[in-house]
Amino acid sequence: MRRPLIAGNWKLHKTLKESHDLAAGLAKELAEVSDIDIVVAPVYTSIATVATAVKGSTVSVAAQNCYPEETGAYTGEVSPLLLKDAGCEYIIIGHSERRQLIQESNQLINLKVKKVLDTNLLPILCIGETLEQRENGEMLEVLASQLKEGLADISNEQLGKVVVAYEPVWAIGTGVTASDEQAQEAHSFIRGVIQGLSTPEIAADCRILYGGSVKPDNVNGLLAQDDIDGALVGGASLKLDDFVRLVNFKR
Ligand code: PGA
């Protein structure tokens, strides 16, 4: 059985105090939730504060990015090792905003995924096609290469720890969500690609999240799909009430 996961990606939002207050509020409101994993991803500067605020609660902490080295002469970068030290259990890798804004390649993403796994943290690998790629009929090819290149040279044992987030770029922050059927179709394809890279058991156990304008009023339909195991949520994770409603999706 795949344990559902709802993750909030706070992106470049919230001061230290705002992050602390939201995290503390979530820890309190979600204290009774025991059947799914709950994750929030604040900006780097708030990670330690948020980790302290949710310590011992049902909420875990993720980073939004990392650098694929432990320590060294890498000015401005932060490693999985230090993120773990600050209280992270997960790291989001390859978000489409990073792929687009700073041209992160599948090769760099692969190095990051490996470093996260070697540090005993769980990577949330984001993949997804642009509107242009979808309209050109390239969607499946794009998803397959993002997975094959992003997960290259990773042992089956480590592949079993990877969380994948399917986030169609045209649905992120736009208010346009993939329909339940469009999302299920992509997720089922993704599970098939993972099976090709590993084993049927690993593919069956792999958690594949959907992301892109997920809100309390569309989460139930999406998460009712066979291959959708959770959500990676941007905008709607910034408000306490909305995120609590998302975590309490119908099950
Ligand atoms: P959104 O963002 O929910 O605001 O569309 C999702 C994401 O980028 O992870």
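If you read the sequence from its start, that first residue is 1, and numbering goes on from there. Ligands are counted one by one from 1 in listed order, and the atoms in each one are counted from 1 as well. The figures here come from the full heavy-atom set of this structure, side chains too, leaving out hydrogens, waters and symmetry mates.
Considering backbone and side-chain N/O of G173, one or more are found under 3.5 Å from N/O of ligand 1. Any N or O atom pair closer than 3.5 Å counts here, and G211 shares no such pair with ligand 1. Residue V233 places no N or O, backbone or side chain, under 3.5 Å from any N or O of ligand 1. Close N/O approach between T174 and ligand 1 is not found [any backbone or side-chain N/O within under 3.5 Å].
Salt bridge status for R207 with D37: present, with a side-chain N to carboxylate O gap under 4.0 Å. Taking 4.0 Å as the cut-off between side-chain N and carboxylate O, D229 and R191 count as a salt-bridged pair.
Close approach to A171 involves these atoms of ligand 1, each under 4.0 Å from a residue heavy atom: 5 (O). Against a heavy-atom cut-off of under 4.0 Å, G212 is close to the following atoms of ligand 1: 5 (O). Taking every heavy atom of H95 and a limit of under 4.0 angstrom, the matching atoms of ligand 1 come to 7 (C), 8 (O), 9 (O).
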Residue pair E104, R99: steps toward the salt bridge (Lys or Arg N to Asp or Glu O under 4.0 Å) verdict: CA-CA 4 Å; E104 270 197 18; R99 290 180 187 262; over 6 Å; no
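Between the side chains of S19 and S46, a donor-acceptor pair is found at a separation under 3.5 Å. Remark: the H95 side chain and the E167 side chain contain an N/O donor-acceptor pair separated by less than 3.5 Å.
Between K17 and T49 the shortest side-chain heavy-atom distance does not fall below 4.5 Å.
Heavy atoms of I172 found under 4.0 angstrom from ligand 1 belong to the backbone as well as the side chain.
Closest to atom 4 (O) of ligand 1 among all protein heavy atoms lies G235 N, 2.8 Å. For atom 9 (O) of ligand 1, the closest heavy atom belonging to the protein is E167 OE2, 2.7 Å. The protein non-hydrogen atom at the shortest distance from atom 2 (O) of ligand 1 is K11 NZ, 3.3 Å.
At least one test fails for R245 against the ring of F243: distance under 6.0 Å to the centre or angle within 45° of the axis.
Within a 6.0 Å radius of CD in Q133, more than 12 heavy atoms belonging to other residues, nucleotides or ligands are found.
Residue G234 holds the heavy atom nearest to atom 6 (C) of ligand 1 of all those in A236, A231, G234.
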